[in-house]
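Since the structure is predicted, the reported quantities are computational estimates derived from the model, not experimental observations. We name chains A, B, ... by the order of the sequence lines, and we start the count at 1 in each one.
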Amino acid sequence: MARDYAEMEAKWQKAWADNRLNEAERDDGKPKFMIIFAYPGITGFLHVGHLRGYTYADALGRYKRMTGYNVMFPVGTHGTGNGCISLANKIARKDEKTVDYLVRNGCPESMLEELGEPMKVVEYFNEVYQNDYWRRFGFLADFRRFTCTLYPDYAKFIEWQFTKLKEKDLLIQKPYYAPACPSCGPVAVDPSETDLSKGGLAETQEYTLLKFWCESKQFFLVAATLRPETVYGQVCFWARPDMDYAIVSVNGEKWVVAPEAAEKLKLQFDGVEDAGTIPGKDLIGLMCRAPMLHKEIPVFPADFVDPAIGTGLVTSVPSDAPADWDSLEKAKANPDLVDVYGISQDVIDAVQPISIISIKGYGDFPAKDIMDRMKIADMKDPAKVKEAMEEAKKTVYKDGYHMGRMKDVCGDFAGLSVNEAKDKMRQAMVDSGEAVIFRDLNMEVVCRCGKTVHIRRIDDQWFIKYGDEQLTADTKKHARDMFLQPPEFYDNVQGTLDWYRERACVRLGKWLGTKFPFDDKWTIEAISDSTLYPIYYTISLYANTKQIEADQMKPEFFDYVILEEGNVDEVSASTGIPAELLDKIKADVHYWYPLDINLGGKEHMTVHFPVFLMNHRAILPDDMQPKGILVNWYVTGKNKDKISKSKGGAQPIPGAVADYGADAMRLYYANVASMFVDVEWDEDLVFNYKQRLERIVSTVEELIASEEDAPAGSIDMWLLSRFNTHLDEIRSSMEKYDLRQMTLTVYFDMAADMRWYERRGGKNKATIMKALRIWINSMMPVTPHIAEELWAMAGFEGLVASAQLPECDPAAVSAVAEYGENYLQSVISDVNEIRKMVDGDVTKTVLYTAPGWKNAIYKDAVAMAEEGTLGIPELTKKCMADPELKKNGKAVSDFAKKTAIDLKRTNLATAKALAEMDEKAFLVSAKDFISAETGITVDVAGADDENLYDPANKARVATPGRPAIYLE
RNA sequence: GCGGAAGUAGUCGAGUUGGCCAAAGACGCAGGACUUAAGAUCCUGUCCUUAGCGGUUCAUGGGUUCGAAUCCCUUCUUCCGCACCA
């Protein structure tokens, strides 16, 4: 059936908008429900994966609407940071990939000129997100309340928030080391490489700079190490003879380091100045005094030293560093030491590895052991050797760190475990002035702008004090009392909250965002301005409709409407906002808040959600704390990666909606898996959902169109019982926000029931309309457009989007009616099962229902089970007391035993239904149906019947609920 | 390393307060119906065995229990977070 989904969807979306169903207005007489999804950062076009979470939010909101709630579902975007700037820059310089990406996603070429300007990028994507994604998917979001973190009124809110944090002593200043680009300022180094063109996997490492005094030259050779605990094993020093080193003056001392390192030092230490250069070859052969060890060691040449890492000078600990062991062996064998550098053989011979750490499973020299074990000496391919050496280094470091113990040669530190010694020894050397701490990236990192990123010290950095004990304790307590899904998040968040310390909250340099209210050289960074914002949706409406202006939104305004502090006339006087309006806004804020659900992807679990909770706890009173957080997992690409926005693998959203329809995609998201697992994007699967929906649509269409009507019978009771039961299931699933279970009920179970009803010849018009009323209404949250279409077709009143889901009618629920059909299905299934085993054609079957005495026992057993007195001896005793039963002796006691055991494990309602059922009458009435289903003649008989036709003596095995079957 | 999660049939995935679980649903596959236009629809089947019985399963090996996919421990494997990144 060809159906123009786009047109149909647009029609209903317009109807919703015309009826203003999406607009959230305070209604003091009605319970409210406020749900948001964590607004997306503006980073370009979104992909089909993002819509997963957003769709959940809309579906939950719609469900709440149809169960009596006044719902607010606002949306917004997050533009803070440098994403938009870097995107605009790339567009401005006509970066080919970027332009191609934009065009492919439907950006008109004419827009490209304008988009070189960051704020234009923001404006453009604000429209794209709202129109091409959220409206297109049929979200009943209150677009009037849309806000963006770069709006001037939003900035006022953030300023107020920071004023509050400061008042509560939660803002502090201290020095801070951050990766920074010389022109763009601090950048984020992470695998997504949002800010970078290279090096997203780099880690910041804390090196210990060791100072080696060189008496003859009166300067320090400065080596960087990650293993300060190995200083007692130093035997020599490595420098590159083929490069020039820089001499810098640091607080009056002269340090020799690689030129790259000199630049880095300037970023992290004060008073670093250039003081000349020295050729590397001039360093070879010098003697220098090793820190802590206090021994003179010689400088040897080495070609493995990389000037870009650390200081470009390396201290040698052959016992525990495979590279050092290897290099030392080579160096000693190198005649240049004597011939070229004039080092005396005595000095060379004196360089012997010192055993300093004992590790279980290793000998005196772990570095040598690991190389022997890995047979590195036998390797020929240089690339393989390099890889193996890297591996060897890691292994020996790891084992040493966890199992190693310092040996006696290690002075005061002897006997300590390596991980203890590491910190203590570093601290000791720092205290004695022999070492300083230096931070460096472990690989090259290049900013989007093309410059190399280094670690830089930033003084007077502002932090939010998330480590505050009281705040942490209060937040943890609240997190125990609220709704958090999935359960492991509920547990983990406690630990995450504990682990939070200070967090840098402002940035220098070119960033989009709100200026820091206490010093406008800083810009508030992206996470810190997106923690309290849901409450702002209750206010944004007034700014968006120009009822208030940004510059009227002074701190006292927020104090009044949010915290109910201050005097309305004074606030009105100072802001120029009428008192009535102030009170109206205040009433709105307190009607809608607290937030009921904040829904976001799993990436928010350790960052956004905890700070969201902490900021609420820090600033708002008890009755405004968030009530729930729902975390959704991702839609991933084929290779299990998160579908990457930048890599452009996924289909653009508008194309996907056009292909499958918004409802099919919504159903796909809701039903394909639990919220809490990743799913792989699979177009075929989406197509399947589309087909399933179409099948449901045509089923409903046919039911509505059918002219037939028939009197109601047992199958009608069955259908209404089932559908009313489903209503309860839907409600209990949604109680837990379990959309998957809910959609399973609505789109699978109910569809199957409807089919069975038709198959059983159900044709009662009134029953059908009652069932459709329930069914179509149940489809509204997830597939609203199709529900609307069917609702209209069935002639129901108004829009289903504003209809209320019927309550389950307990009078319609009948265990007996439901049991009958299950019974029938299992009889048919048994007949088929047995027929499969029989050779030759089957023409006839006889179904024997259980004899009266078995039914009598069963009834007794059920009655006893209801009273809770059922047991094998009790039941047997009771049976034997009956003279009629006693005649059957052993058969009775066996059956009583079996019945008692069975009943203990079956559902009592089912058992009762069976006990009340007249099986024989039921089977007689269903005879024709069974016959039609199986294609064979059916006879029904009771095992007690006189002149029973029972050639195979089957009737004796019949039990209640399980007729015996004979085939011929 | 630290912390967390998870391993279920050909596949994706339910089921994890222990019992009604040979284990939902979907997909795939096989047979049939309808038809020969459809990535259509509808039935039936899909661990082994078998007149519906029974047997053996839920990464692995052990344990607790009258009873375990579900609880405890071994081992193996996979995934995720670890901070200034939304």
[M] and [N], which share atom name [atom1], separated by this distance in whole Å:
N: C58(B); M: U16(B); atom1: C1'; result: 12 Å
N: A68(B); M: G61(B); atom1: C1'; result: 16 Å
N: A23(B); M: C48(B); atom1: C1'; result: 16 Å
N: C85(B); M: G39(B); atom1: C1'; result: 42 Å
N: A24(B); M: A5(B); atom1: C1'; result: 24 Å
N: U77(B); M: A14(B); atom1: P; result: 25 Å

Nucleotide nearest [X] (side chain, heavy atoms from C-beta), chosen from [options]:
X: Arg501(A); options: C84(B), C85(B), A83(B); value: A83(B)
X: Asp830(A); options: A14(B), C85(B), G52(B); value: G52(B)
X: Phe748(A); options: A24(B), A86(B), A26(B); value: A26(B)
X: Leu744(A); options: C84(B), A86(B), G25(B); value: G25(B)
X: Trp499(A); options: C84(B), C82(B), A86(B); value: C82(B)
X: Glu525(A); options: A51(B), C82(B), C84(B); value: C84(B)

Once ring pair (Phe, Tyr, Trp, His ring centres under 6.0 Å) is applied, do any residues pair with Tyr39(A), and if so which ones, sequence neighbours excluded?
His78(A), Tyr533(A)
Under the ring pair (Phe, Tyr, Trp, His ring centres under 6.0 Å) test, which residues partner Tyr177(A), sequence neighbours left out?
none
Reading nucleotides 34-47 of chain B from 5' to 3' and marking B where a protein heavy atom lies under 4.0 Å of the base, S where only the sugar-phosphate is that close, and - otherwise, the string is -----BSSSSSS--
For the side-chain hydrogen bond (donor to acceptor under 3.5 Å, both in side chains) test, which of Thr472(A), Thr475(A), Asn615(A) pairs with Tyr466(A)?
Asn615(A)
Check this one for me: any side-chain N or O of Ser674(A) less than 4.0 Å away from OP1 or OP2 of A14(B)?
yes
Any residue meeting salt bridge (Lys or Arg N to Asp or Glu O under 4.0 Å) with [X], in chain and number order, not counting sequence neighbours:
X: Glu818(A); value: Arg722(A)
X: Arg227(A); value: Glu229(A)
X: Arg962(A); value: Asp830(A)

Counting the atoms with a prime plus P, OP1 and OP2 as sugar-phosphate, which does Pro963(A) contact under 4.0 Å by heavy atoms, base, sugar-phosphate, or nothing?
base
Heavy atoms only, 4.0 Å cut-off, all strands: where does Ala964(A) land among base, sugar-phosphate and nothing?
base
